[in-house]
Amino acid sequence: MEKLLIKGGSSLSGSINCSGAKNAALPMIASTILSDERITLKNLPYLQDITTMFELLGSMGAEILLDEKMNFTISSYNLIDTEARYELVKTMRASILVLGPLVAKYGKARIALPGGCAIGTRPVNFHLDALKKLGAKIVLKNGYIEASAKKLIGTNINFEGITVTGTENIMMAATLAEGRTIIKNAAKEPEIIDLANMLTSMGAKIEGAGNETIIIEGVTNLTGTEFDIPADRIEAGTYLAAAAVTKGNITIEGINPTRLMKVIDKLKTAGAMINYTSNSISLNMTKELPNPVNITTAPFPDFPTDMQAQFSVLNAISSGDSIVNETVFENRFMHILELNRMGCNIQVKGNRAYIKGVESLYGAEVMATDLRASASLILAGLCAKGETVVDRIYHIDRGYERIEEKLNYLGADIMRLPS
Ligand code: EPU
């Protein structure tokens, strides 16, 4: 298994481009199933999760072409199979995103039921309840979701809890349903707006994406389109946090700061100077130690759970005490035990981490448990004294494009050790 060897102590400086957003790209790739024509996606990030989604569509008979400019053209309109096998679903829970499009377009789907995962139980009951309301028959059998419907019929859906991929799944399904669907208590993440924009460019009729209520008028068919994947706000936030913990001075190009306002506010509270344009964010950290910042994660527009682990490191090397309150996932503190092995002083009680800032961390051999946990271990390694080896980095390759190259370009010293 490959590992990352990090020699800590360098301040990050310089400028890098933000990659396309994984969590925008995944539903967009799934949405190609709804179309009767070819779809071209540009600025797709080169990530394991994207490859897995292509493998999934490929296994169902989609044709995927890559041109010399790294644009992907996807023809998913003639699928010969509507099954997402367990081998693929177990490596990526976002495979569930093909459920809505398959039932809407082909009238059936057989999707392996995602199991638990490192950050929580993560059930898919909200997706299934909403799809049933649209008229699908759903049976759980032998570890699979078997869904079928002659035709989905628009209806009112009130999500019991806010779910990002659930909102995406149902928004996609409703585009081809008969009549009007009103989704209430919808997720408001920017990736929902991105997906709605792409679906609209394919002929879908969607109003209100980004708000609590989304209204979709079903259409009979969707066309092809060409669409650019917007920049990854969590990647941008992670590099900004990396600069903040290394007393750095960096600029992230290509990111719209309105997608990251809560993170920017907290970085400012930590003592960083931030400037932004409509398409870039710069951070300059001159303070010896960051100020501690209390964090409570919650759905957009509040502080993202996907930035919690990175801010745990920022607080761990801060000048005081802080509390990180994780309200989205019930078990997203696996990184804390590893961080404590590097000299952090963090106690977890229930869904809260109580952090006492220390002046410095030391390198250690640590193990990544999930995507954002691995990012936090890299941040800790960057500001620690000595060498840190991060094991199980396949987690990081699922969601950060060329992370060591980008960080080394900013002055870090990271080497990928072969397995
Ligand atoms: N939930 C249910 N039932 C459901 C769906 C969700 O109880 O049917 C619960 C979950 O267990 C969780 C909460 O609702 O406690 C929110 O989960 P949500 O469904 O919003 O998460 P998701 O759609 O599975 C997406 C991102 C995650 C990100 C979360 C929260 C994608 C592909 N994944 O997951 O990204 O953490 O929203 O913002 O968009 C990551 O990139 O590292 C990542 C985990």
Side-chain angles (χ1 to χ4, degrees), residues 19-31 45 47-50 52-53 56 89 91-100 111 113-133 138 140 145 157-172 183 185-195 229-230 232-238 259-260 262-263 297-310 326-332 334-335 351 368-376 394-401 403:
S19 297
K22 164 180 87 76
N23 290 349
L26 290 172
M28 287 178 181
I29 298 173
S31 78
L47 298 172
Q48 189 57 49
D49 274 10
I50 301 296
T52 305
M53 192 54 117
L56 176 56
V89 177
T91 64
M92 189 185 68
R93 304 178 55 84
S95 308
I96 191 74
L97 283 164
V98 298
L99 174 64
I111 314 287
L113 198 55
C117 99
I119 62 177
T121 49
R122 301 184 77 180
V124 290
N125 54 322
F126 301 156
H127 303 233
L128 302 187
D129 291 348
L131 207 53
K132 277 186 204 159
K133 283 207 85 180
I138 294 190
L140 300 183
I145 303 161
I157 288 164
N158 194 349
F159 276 115
E160 194 184 315
I162 296 179
T163 164
V164 176
T165 49
T167 303
E168 291 163 348
N169 229 337
I170 299 310
M171 189 165 78
M172 288 188 281
I183 304 179
N185 201 23
K188 299 180 214 146
E189 268 64 7
E191 292 75 24
I192 306 282
I193 305 177
D194 297 334
L195 177 64
I229 311 293
D232 193 318
R233 62 192 167 102
I234 303 300
E235 187 203 33
T238 301
R259 298 184 162 218
L260 218 53
K262 275 285 167 353
V263 172
T297 66
F300 195 84
D302 284 324
F303 191 89
T305 173
D306 290 344
M307 285 299 301
Q308 178 260 104
Q310 301 86 320
E326 171 60 60
T327 75
V328 180
F329 291 110
E330 72 273 22
N331 189 28
R332 211 175 195 179
M334 301 273 276
H335 47 286
N351 66 341
T369 47
D370 75 80
L371 171 56
R372 308 303 168 188
S374 19
S376 78
Y394 54 84
H395 287 294
I396 202 127
D397 294 331
R398 291 185 43 210
Y400 289 91
E401 190 175 49
I403 191 163

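Just follow the structure's listing: the first ligand is 1, and inside any ligand the first atom is 1. Here the structure is a predicted model, which is why all the values come from computation and not from measurement.
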TODO: Before accepting this row, confirm whether a basic side-chain N of the pair R332/D306 lies closer than 4.0 Å to the acidic partner's carboxylate O.
DONE: yes

Open item on the list: Looking at every heavy atom in both M92 and T52, which two are closest together, and how far apart are they?
Closed with: CB-CG2, 4.0 Å

TODO: May I ask you to say whether K22 pairs ionically with E235, meaning some side-chain N is under 4.0 Å from a carboxylate O?
DONE: no

- [ ] Check whether any side-chain N or O of N169 sits under 3.5 Å from a backbone N or O of G100 as a donor-acceptor pair, and report yes or no.
- [x] yes

Task: Protein residue, atom and distance nearest to atom 33 (N) of ligand 1, heavy-atom basis - done: N23 ND2, 3.7 Å

Open item on the list: Less than 4.0 Å is my threshold; does some heavy atom of R93 fall inside it relative to ligand 1?
Closed with: no

- [ ] Check each of S95, A373, P123 against atom 4 (C) of ligand 1 and report the one with the nearest heavy atom.
- [x] P123

Task: Atoms in ligand 1 with a heavy atom of V124 nearer than 4.0 Å - done: 4 (C), 8 (O)

TODO: List the closest protein heavy-atom neighbour of atom 41 (O) of ligand 1: residue, atom name, distance to the nearest 0.1 Å.
DONE: R372 NH2, 2.7 Å

Open item on the list: Suppose I only count heavy atoms of H127 and a 4.0 Å limit; which atoms of ligand 1 are within that range?
Closed with: 8 (O)

Open item on the list: One residue to check: K22. Relative to ligand 1, which of side chain, backbone, both or neither has a non-hydrogen atom less than 4.0 Å away?
Closed with: side chain

Open item on the list: Please list the nearest protein heavy atom to atom 24 (O) of ligand 1 with its residue and the distance rounded to 0.1 Å.
Closed with: R122 NH2, 2.9 Å

Task: V124 versus P114, closest heavy-atom pair with distance - done: CG1-CG, 4.2 Å

Task: Which atom of L26 lies closest to which atom of A94, heavy atoms considered - done: CD1-CB, 3.8 Å

Open item on the list: Which residue and atom name correspond to the protein heavy atom nearest atom 36 (O) of ligand 1, and how close is it?
Closed with: D306 OD1, 2.6 Å

- [ ] Among all protein heavy atoms, pick out the one at the shortest distance from atom 22 (P) of ligand 1; state its residue, atom name and that distance to 0.1 Å.
- [x] T165 OG1, 3.5 Å

Open item on the list: Tell me whether the count of non-hydrogen atoms from other residues, nucleotides or ligands lying under 6.0 Å of CD in E330 goes above 12.
Closed with: yes

Open item on the list: Please determine whether side-chain contact (heavy atoms from CB on, under 4.5 Å) holds for the pair K133 and I170, giving the CA-CA distance in whole Å, both sets of side-chain angles, and the decisive distance to 0.1 Å.
Closed with: CA-CA 10 Å; K133 283 207 85 180; I170 299 310; over 6 Å; no

Task: N or O contact, E330 vs ligand 1, cut-off under 3.5 Å - done: no

Open item on the list: Measuring from non-hydrogen atoms of I162 to any atom of ligand 1, is the shortest distance under 4.0 Å?
Closed with: yes

Task: Listed partners of D370 passing side-chain hydrogen bond (donor to acceptor under 3.5 Å, both in side chains), at least two apart - done: none

Task: Distance-minimising heavy-atom pair for L47 and R398 - done: CB-O, 3.5 Å

TODO: Locate the shortest heavy-atom distance separating P27 from E168; write the atom from each residue and the value.
DONE: CG-OE1, 3.6 Å

Open item on the list: Test your reading of the structure: does E189 have an N or O sitting under 3.5 Å from an N or O of ligand 1?
Closed with: no

- [ ] Would you mind checking which non-hydrogen protein atom is closest to atom 12 (C) of ligand 1, with the distance to 0.1 Å?
- [x] V328 O, 3.4 Å

- [ ] Could you tell me whether some N/O pair between L371 and ligand 1 is separated by less than 3.5 angstrom?
- [x] no

Open item on the list: Heavy atoms only: which of F329, F126, F159 lies closest to atom 2 (C) of ligand 1?
Closed with: F126

TODO: Give the residue and atom name of whichever protein heavy atom lies nearest to atom 25 (C) of ligand 1, and the separation in Å to one decimal.
DONE: V164 CB, 3.9 Å

TODO: May I ask you to identify the nearest protein heavy atom to atom 44 (C) of ligand 1, giving residue, atom name and distance to one decimal place in Å?
DONE: R332 NH2, 3.5 Å

Open item on the list: Counting only heavy atoms closer than 4.0 Å, does ligand 1 sit against the backbone of T305, its side chain, both, or neither?
Closed with: side chain

Open item on the list: So is H395 touching ligand 1 or not, going by heavy atoms under 4.0 Å?
Closed with: no

Open item on the list: With side chain to side chain donor-acceptor pair (under 3.5 Å) as the test, pick out the partner of T297 among K262, E326, Q308.
Closed with: E326

